[in-house]
Number of protein chains: 2
Amino acid sequence: MSTAHSARARARIEVTAAIKEEARRQLAAEGAAKLSLRAVARELGMASSALYRYFPSRDDLLTALIIDAYDSVGEAAEAAHTAAADDGPVQRWTTVCEAVREWALAHPHEYALIYGSPVPGYTAPETTVPAAARVGLVLIGIVRDARLGPGVALPALPAELLPEAERMAADFASDLPPAVAPALVAAWAQLFGLIGFELFGQFHRVVEDRAAFFRHAAGQLALGVGLT
Amino acid sequence: MSTAHSARARARIEVTAAIKEEARRQLAAEGAAKLSLRAVARELGMASSALYRYFPSRDDLLTALIIDAYDSVGEAAEAAHTAAADDGPVQRWTTVCEAVREWALAHPHEYALIYGSPVPGYTAPETTVPAAARVGLVLIGIVRDARLGPGVALPALPAELLPEAERMAADFASDLPPAVAPALVAAWAQLFGLIGFELFGQFHRVVEDRAAFFRHAAGQLALGVGLT
DNA sequence: CAAAAAAGAGAGCACCGCTCTTGCTTTGGA
DNA sequence: TCCAAAGCAAGAGCGGTGCTCTCTTTTTTG
């Protein structure tokens with residue numbers, strides 16, 4: 001047996017962590033495109049071939065970084081959520097959105113890795129799903145906590161969207177009215193549209209005071225999901 | 001002189017077009033990351049070094065493809081706009097949004113090239129700006145044509161956003177009330193958030209009937225910019 | 001203690017972007 | 001008309017990449 005306490009197992013954990021750490025350094029410095037296994041190995045003083053004992057391919061290393069990035073932004077959102085526990089729903093929503101934006105501005109290459117175009121052959125492994133959901137869960141939680149009654153000003157759904165909305169609600173918002181689910185998903189996607197456009201330069205010469213613009217847009221998103 | 005009519009100049013234009021065509025083929029087939037100058041040259045039966053007479057670097061080739069992609073999606077939006085000239089504003093807005101979405105679904109790698117994470121060393125040249133603006137101009141035009149009066153249900157702007165909104169309006173919506181400008185930019189970014197999330201797999205196991213979902217979300221965006 | 005498993009190291013393959021040098025062809029002015 | 005200049009194609013080569021294979025060393029385990 002012995003998965004945990006042998007010296008070799010401990011060393012493996014440490015080396016794996018060191019590889020990821022150095023890879024994250026290079027990712028932050030130069031972007032995913034320039035992340036090189038050989039450079040990581042060089043920096044760690046090991047032969048590049050030895051690195052393949054820990055990550056069978058460059059894509060596997062990237063996948064590990066992707067999961068970490070999802071967890072990192074998820075943690076940022078959760079921390080902002082708990083820190084704003086005493087505020088009203090709209091304020092709480094806006095605070096979480098701003099936390100996500102600030103995480104993105106602080107980690108642009110990591111953001112690009114997870115919310116930009118898929119890097120290699122673009123097959124996001126199933127492993128990343130739970131980590132990817134964390135930000136969404138925080139947003140759902142805010143709406144859930146607000147316990148909006150059925151009378152809130154959410155527009156009626158068109159008939160063609162009704163089954164989809166009920167399926168969505170059953171999946172991840174079982175205690176909320178079905179009309180909320182599509183609005184929530186849309187706001188979730190739109191949030192990252194705003195952040196991505198800012199980060200990737202589409203707001204160049206279009207938006208100057210980006211913090212104020214984002215705050216207002218995030219507040220509007222909150223209204224769109226029925227928060228008041 | 002002689003820019004146009006020498007045999008050499010004609011050949012240059014043809015070869016340049018052939019290179020871009022083959023590059024676009026590879027881009028569509030494998031994505032920007034796998035686009036290789038050597039492979040393009042190989043496919044065209046020329047030495048890879050000869051290709052550098054036409055594009056001084058791989059990034060320059062990519063930039064040319066980026067501009068073409070912006071023009072392509074811009075044309076799609078404009079065509080949808082003119083085709084829907086008889087519809088009401090909301091319907092027209094939705095139609096244009098759907099045209100952009102369909103272009104993205106048909107050209108995913110091109111979409112990723114222009115709206116995903118910046119590919120190489122991420123310095124979008126100033127040349128791309130006019131092409132990049134085309135979709136936005138179509139959306140502005142719809143709102144402008146709708147000639148919404150000041151009484152439309154756009155929420156009041158917070159004080160901190162007022163100067164920014166006036167600057168925006170002066171820049172690209174001089175004949176519209178200032179409150180429209182930030183709403184328009186936000187809707188523009190959110191539109192690509194919706195499309196990007198669908199295209200890059202974030203809707204996996206979240207949204208099933210994506211066309212219906214998108215149609216509804218696009219309609220909500222129209223309301224958000226004051227269309228009725 | 002010996003066999004087995006894990007890990008490191010090196011050489012090598014095929015590919016990449018890019019540069020430099022060497023010839024050949026077209027062009028345009030004297 | 002002829003000839004220098006400019007434009008173009010091709011080849012060799014440099015340093016880099018991901019990845020594989022083989023060989024040796026180290027650690028774990030029965």
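Below, read A as the first sequence line, B as the second, and so on, with proteins coming before strands; counting in each chain starts at 1.
B:D60 places its CG atom 13 Å from the P atom of C:dG17, with the value rounded to the nearest Å. Separating the CZ atom of A:R38 from the P atom of C:dA9 is a distance of 14 Å, rounded to the nearest angstrom. In this structure, B:R42 places its CZ atom 14 Å from P of D:dG11, rounding to the nearest Å. Atom-to-atom, CZ of A:R58 to P of D:dT20 comes out at 15 Å; the value is rounded to the nearest Å. When the C1' atom of D:dC19 is taken as reference, atom CZ of A:F55 falls 16 Å away, rounded to whole Å.
No donor-acceptor pair under 3.5 Å is formed between the side chain of A:R12 and the backbone N or O of A:A7. The main-chain N or O of A:D68 is never found under 3.5 Å from a side-chain atom of A:S72 such that the two would form a donor-acceptor pair.
Under the 4.5 Å side-chain criterion, counting only non-hydrogen atoms from C-beta, A:F214 is not in contact with A:V207. The side-chain heavy atoms of A:F192 and A:V135, taken from C-beta on, include a pair separated by under 4.5 Å.
Note on B:L35: only backbone sugar-phosphate atoms sit closer than 4.0 angstrom, heavy atoms only; bases stay farther off.
No salt bridge links A:R101 with A:E98; every basic N to acidic carboxylate O contact stays at or beyond 4.0 Å. Between A:R25 and A:E22 there is a salt bridge, with a side-chain nitrogen of the basic residue lying less than 4.0 Å from a carboxylate oxygen of the acidic one.
Across the interface with DNA chain D, nearest-nucleotide mapping of A:S49 and A:A39 shows A:A39 to be the residue nearer the 5′ end. Both B:S36 and A:G45 lie near DNA chain C, and the one whose nearest nucleotide falls closer to the 5' end is A:G45.
When all heavy atoms of A:A77 and A:V100 are compared, the closest pair comes out as CB-CG2, 4.1 Å.
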Look for any protein N or O under 3.5 Å of an N or O in nucleotides 4-6 of chain C and output each such pair with its distance, or none.
residue: C:dA6; atom: N3; partner: A:R8; partner atom: NH2; Å: 3.3

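Proximity of B:Y52 to the phosphate of D:dA9: no side-chain N or O atom is located under 4.0 Å from OP1 or OP2. Side-chain nitrogen and oxygen atoms of A:Y54 include at least one within less than 4.0 Å of the OP1 or OP2 phosphate oxygen of C:dG8.
In the set C:dG17, C:dC16, D:dT28, the nucleotide with an atom closest to the side chain of A:S6 is D:dT28. Taking the side chain of B:L37 as heavy atoms from C-beta on, and the options C:dC18, D:dA10, D:dG18, the nearest nucleotide is C:dC18.
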